[in-house]
Number of protein chains: 2
Amino acid sequence: MPQTTIKIGSGDSTRERILKAAMLRFSAHSYEETGLRDVAADVGVDPAYVHRCFGSKEKLFLEAVRAAARPERLFSGDADELASTLASELFAERGENEIRSLDIVIRSFSSPAASRVLRDSLMEDFVGPLLRKRGQVSEKRAALVAAFLIGAGILRDVVRADPLLGQDEGELQEIIVQTIEELMNGDAVQEGDARCAPAPDHRGR
Amino acid sequence: MPQTTIKIGSGDSTRERILKAAMLRFSAHSYEETGLRDVAADVGVDPAYVHRCFGSKEKLFLEAVRAAARPERLFSGDADELASTLASELFAERGENEIRSLDIVIRSFSSPAASRVLRDSLMEDFVGPLLRKRGQVSEKRAALVAAFLIGAGILRDVVRADPLLGQDEGELQEIIVQTIEELMNGDAVQEGDARCAPAPDHRGR
DNA sequence: AACTATTGTCATCACCTGTTGACTTGACAC
DNA sequence: GTGTCAAGTCAACAGGTGATGACAATAGTT
């Protein structure tokens with residue numbers, strides 16, 4: 001289960017509770033939509049305090065992005081199952097206090113402030129770990145895997161495009177896994193013995 | 001050359017000039033970043049007038065999206081070259097007054113107002129035409145092609161992720177073409193005689 | 001010439017945003 | 001007690017937003 005469960009326990013410091021509330025807000029709304037006043041209200045604290053705790057809205061967002069990324073969660077499994085792991089991140093059901101690594105990313109790339117933060121996180125928390133896990137994959141291909149996941153996430157969860165929603169998720173997931181696999185294996189396939197990629201071994205229907 | 005060149009001729013009505021200025025603004029900045037005052041200033045007209053001309057900012061945005069989509073431009077070519085056409089849309093160099101269909105889309109998912117508009121445009125101006133052009137392709141796969149293009153566009157032009165920028169565009173483009181091709185042909189390949197997709201005949205380097 | 005839309009401008013409203021500085025409260029130390 | 005530092009509150013500022021309604025100018029029609 002790849003989500004991060006966010007518990008706003010009363011044992012946490014107020015700063016931590018603010019950060020967790022911000023993660024939840026940013027994962028459901030865009031950077032611009034999310035106001036410091038909203039976050040403050042969630043925690044039950046004065047808006048001025050959340051500002052003073054983090055220095056600025058952008059810094060709060062930055063901390064939220066980095067805390068939500070958690071690359072070790074996505075890239076600690078078997079290298080063979082990476083495509084499948086990444087794809088299932090897309091379809092993970094979100095409980096009340098759970099967010100996916102993707103969530104914040106797909107809501108907030110618009111604002112210049114946000115996209116600066118996201119660029120760094122993309123390289124350090126996704127492309128980097130992926131390259132380390134799969135040495136053969138080029139940076140380009142790793143970035144395209146991210147692009148595919150992000151695009152699918154946006155169309156599904158932000159735009160709520162019908163074909164990616166609801167019925168027959170199994171088939172959809174299978175297509176995505178296969179595409180990611182081909183995206184990652186592409187070079188190896190053309191240089192290897194056969195023109196065809198080896199059939200991905202997960203027939204998870 | 002798939003871009004739309006926007007000429008703000010003095011022959012156009014003021015309303016048309018406003019719309020074209022809005023298209024340019026929305027293609028370079030997000031929905032939230034773009035103010036009616038900016039658009040008005042570009043045209044040299046009072047901000048109140050652009051509001052009254054289109055009823056609301058959202059309606060102006062809607063018209064800009066629909067005017068920029070121009071599906072006939074993307075889907076009028078050879079069905080065999082569709083993947084290549086779509087991919088080259090990503091890499092089309094933008095002149096001063098040119099925008100790609102993608103541009104407005106990739107800037108402005110954030111706001112709820114914008115994403116409602118974009119959902120409709122996605123289905124009517126992309127998925128629909130693609131299905132008509134390639135009967136075998138499922139709605140899911142068509143939407144995933146859009147997701148891939150949008151994701152790549154965002155990472156490249158909004159986030160400006162390094163691996164998708166600058167050097168060796170030819171290789172990048174080839175990977176994208178192949179991925180789109182596989183995305184569209186996936187079903188046919190598994191049901192057809194051979195396991196391998198026919199090699200895409202465009203060695204466009 | 002007089003009437004009438006259309007085209008466009010002006011000042012301004014109501015609202016919301018991140019940010020700031022001054023203040024209060026509480027706990028702990030000496 | 002008194003001094004000190006952190007935690008948190010309060011009211012307000014400065015700037016920007018889309019939206020309005022009242023007004024001016026222009027052009028076309030009869």
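Since the structure is predicted, the reported quantities are computational estimates derived from the model, not experimental observations. Each chain gets a letter, A, B and so on, in the order the sequences are listed, and its residues count up from 1.
Of the charged side-chain nitrogens involved, at least one lies within less than 4.0 Å of a carboxylate oxygen, so that A:R134 and A:E181 count as a salt-bridged pair. With respect to A:E33 and A:R107, no salt bridge is recorded, no charged nitrogen being found less than 4.0 Å from a carboxylate O.
Whole-Å rounding puts the B:K57 NZ to D:dT20 P distance at 15 Å. Between A:L36 atom CG and D:dC13 atom P there is a gap of 20 Å when expressed in whole angstrom units. Straight-line distance from the CZ atom of A:F54 to the P atom of C:dG18: 15 Å, rounded to whole Å. One atom, CZ of B:R25, and another, P of D:dG18, lie 12 Å apart when rounded to the nearest Å. Rounded to whole angstrom, the span from the CZ atom of B:R15 across to the C1' atom of C:dT7 amounts to 13 Å. Distance A:E32 CD to D:dG18 C1': 15 Å, rounded to the nearest Å. Note: NE2 (B:H29) to P (D:dT17) measures 13 Å, nearest angstrom. As a whole-Å value, the separation of A:E33 CD from C:dG18 C1' is 17 Å.
Residues passing the ring-ring contact (aromatic ring centres under 6.0 Å, His included) test with B:F109: none are found, sequence neighbours excluded.
The number of heavy atoms from other shown groups lying within 6.0 Å of CD (A:E96) does not exceed 12. More than 12 heavy atoms of other residues, nucleotides or ligands sit less than 6.0 Å from atom CD of B:E72.
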Filtered N/O pairs between nucleotides 9-11 of chain C and protein, under 3.5 Å:
from, atom 1, to, atom 2, distance (Å)
C:dT9, OP2, B:D46, N, 2.7

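Ring centroid separation for the pair A:F126 and A:F75 comes in under the 6.0 Å cut-off.
Counting only heavy atoms from C-beta on, A:H51 has its side chain closest to C:dT20 among D:dG8, C:dT20, D:dA19.
On a pure distance criterion of 3.5 Å, no polar donor-acceptor pair joins the side chain of B:R37 and the base of D:dG16.
Side chains of B:L122 and A:L155 form a contact here, defined as non-hydrogen atoms less than 4.5 Å apart.
OP1 or OP2 of D:dG8 lies within a sub-4.0 Å distance of a side-chain N or O belonging to A:T14.
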